[in-house]
**Q** 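Sharing a structure here in C-alpha cells format.
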Amino acid sequence: QSVLTQPPSVSAAPGQKVSISCSGSSSNIGKYYVSWYQHLPGTAPKLLIYESYKRPSGIPDRFSGSKSGTSATLGITGLQAGDEADYYCGTWDFSLSVGVFGGGTKLTVL
Amino acid sequence: EVQLVESGGGLVQPGGSLRLSCAASGFTLSSYWMNWVRQAPEKGLVWVSRISTDGTDTDYADSVKGRLTISRDSAKNTLYLQMNGLRAEDTAVYYCARGTWQNGLDVWGQGTTVTVSS
C-alpha cells in the first residue's frame with residue numbers, strides 16, 4: 001500500500017489529453033514539492049516534472065504538472081504511441097522521514 | 001556524458017550479503033545527494049535510501065533499516081549499497097539516482113538485479 005495514491009491505469013487516443021492524479025497527505029504533498037517520472041520496462045526512469053510544475057530541459061511542454069493542497073496532477077497533451085509507459089509521482093514524507101512514490105499509473109495510448 | 005552505472009547484483013541465498021556499486025561519470029558524485037530505488041517484479045518503484053553530499057546524513061525505508069547501508073567514496077566517484085541479512089522480499093532491480101525530492105531524481109542508472117532465493 002503506497003503512501004501516495006495513483007489510479008492503476010489511464011487510457012486515451014492518440015492526440016488526446018490525459019491527466020494522472022496523485023493523492024497524498026499533509027505530511028508529504030501538502031508540505032513539499034512533487035516530482036513525476038516516466039518508466040518504460042527495462043529502462044531507467046526519466047524525470048518529467050520537478051518542484052511540482054517545472055520541466056527539466058529536453059522535456060516537451062506536452063507534459064505539465066500542478067499541485068493543490070494534498071494532491072498533484074500530471075497532464076499529458078497530444079498523446080503519442082511513445083508515451084505508453086508507467087508514470088510515478090514522488091515526494092518526501094516528513095512524518096515518516098522517507099521518500100515515497102505513488103503506486104504507478106500505466107498509460108495506454110489506444 | 002552524465003551517467004550512472006550500477007553493478008554487483010546477482011543471486012544470493014536468504015540471509016546472505018551483497019554490495020551494490022554505482023559508478024558516476026560526467027559529474028562529481030560528492031556534489032549531489034544520491035539515492036537507491038528498487039522495483040520488485042511486477043511492482044512499482046520504491047525508495048530505499050539516500051545519502052547527503054558529505055555523507056553525514058543518511059535515511060532509509062523502514063523495510064531495510066538495520067540491514068542495508070548506503071555509503072559513498074568520493075575518490076572513486078562511486079555510491080554503494082551494502083546489503084546484509086537479505087530476504088526474499090529484497091528481490092528487485094536496484095537503481096541509483098541522483099538528486100533531491102525538491103529538484104527531482106534527474107539522473108538514473110540502468111539498474112542491477114538482485115535475486116534472493118535458495
Side-chain angles (χ1 to χ4, degrees), chain A residues 1-9 22 24 27-29 31-59 63 65 67 72 74 85-106, chain B residues 1-7 9 22-26 32-52 57-66 68 70 81 89 92-113:
Chain A
Q1 189 99 3
S2 302
V3 171
L4 305 181
T5 301
Q6 297 181 232
S9 64
C22 176
S27 65
N28 44 65
I29 293 178
K31 184 172 286 194
Y32 208 54
Y33 305 99
V34 176
S35 47
W36 288 91
Y37 305 86
Q38 178 190 63
H39 190 206
L40 290 134
T43 70
K46 177 192 290 186
L47 175 66
L48 296 176
I49 299 289
Y50 68 100
E51 287 190 6
S52 303
Y53 67 93
K54 295 181 180 179
R55 282 177 287 107
S57 60
I59 301 301
F63 295 90
K67 193 188 93 164
L74 173 70
D86 296 319
Y87 292 83
Y88 296 87
C89 56
T91 188
W92 185 257
D93 189 293
F94 287 86
S95 291
L96 301 173
S97 294
V98 297
V100 289
F101 285 103
T105 299
K106 182 175 182 61
Chain B
E1 180 191 5
V2 172
Q3 194 173 9
L4 293 169
V5 178
E6 301 96 336
S7 61
C22 169
S25 58
Y32 295 86
W33 283 72
M34 295 296 297
N35 302 262
W36 287 98
V37 175
R38 70 185 182 185
Q39 183 178 36
E42 306 304 316
K43 300 291 186 182
L45 298 177
V46 174
W47 177 83
V48 173
S49 180
R50 72 173 182 178
I51 187 168
S52 60
D57 289 334
T58 58
D59 293 289
Y60 298 91
D62 284 349
S63 59
V64 307
K65 204 171 291 185
L68 275 56
I70 191 171
L81 186 66
E89 54 265 37
V93 175
Y94 284 75
Y95 298 97
C96 58
R98 184 182 85 170
T100 65
W101 288 105
Q102 175 179 351
N103 296 321
L105 307 185
D106 65 342
V107 179
W108 295 66
Q110 289 294 319
T112 187
T113 301

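Chain letters run A, B, ... following the sequence lines, proteins first, then strands; residues in each count from 1. This is a predicted model, so every value here is computed, not measured.
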**Q** If I measure from the heavy atoms of chain A, does B:V37 come under 4.5 Å with its side chain, its backbone, both, or neither?
**A**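 It is the side chain, since no backbone atom gets that close.
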
**Q** Other residues, nucleotides and ligands only: do more than 12 of their heavy atoms fall within 6.0 Å of CZ on A:F63?
**A**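 Enclosed: over 12 neighbouring heavy atoms sit under 6.0 Å from CZ of A:F63.
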
**Q** Taking atom CG of B:L45 and atom CZ of A:F101, what is their separation to the nearest 0.5 Å?
**A**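 Nearest 0.5 Å value for the CG-CZ distance: 5.0 Å.
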
**Q** Please identify, among A:P45, A:G102, A:S35, the residue contributing the most non-hydrogen atom pairs under 4.5 Å to chain B.
**A**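 Option with the greatest count: A:P45.
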
**Q** So which of B:W47, B:Y60, B:W101 has the largest heavy-atom pair count under 4.5 angstrom toward chain A?
**A**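 Going by pairs under 4.5 Å, I would pick B:W101.
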
**Q** Heavy-atom distances under 4.5 Å only: say whether B:D106 touches chain A with side chain, backbone, both or neither.
**A**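 Backbone plus side chain of B:D106, per the 4.5 Å heavy-atom cut-off to chain A.
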
**Q** Between OG1 of B:T100 and OH of A:Y32, what distance do you get to the nearest 0.5 Å?
**A**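 Taking OG1 in B:T100 and OH in A:Y32, the distance rounds to 5.5 Å.
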
**Q** How many angstroms lie between NE2 in A:H39 and OH in B:Y95, if you round to the nearest 0.5 Å?
**A**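 If we round to the nearest 0.5 Å, A:H39:NE2 and B:Y95:OH are 3.0 Å apart.
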
**Q** Could you have a look at B:N103, B:L105, B:N35 and say which one has the most heavy-atom pairs with chain A under 4.5 angstrom?
**A**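 The candidate making the most pairs under 4.5 Å is B:L105.
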
**Q** Which pair of non-hydrogen atoms, one from B:Q39 and one from A:Y88, has the smallest distance, and what is that distance?
**A**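 Taking B:Q39 first and A:Y88 second, the nearest heavy atoms are NE2-OH, 3.5 Å.
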
**Q** Just give me the residue among A:A44, A:G90, A:G99 that pairs up with chain B most often, heavy atom to heavy atom, under 4.5 Å.
**A**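 Of the candidates given, the most pairs with chain B belong to A:G99.
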
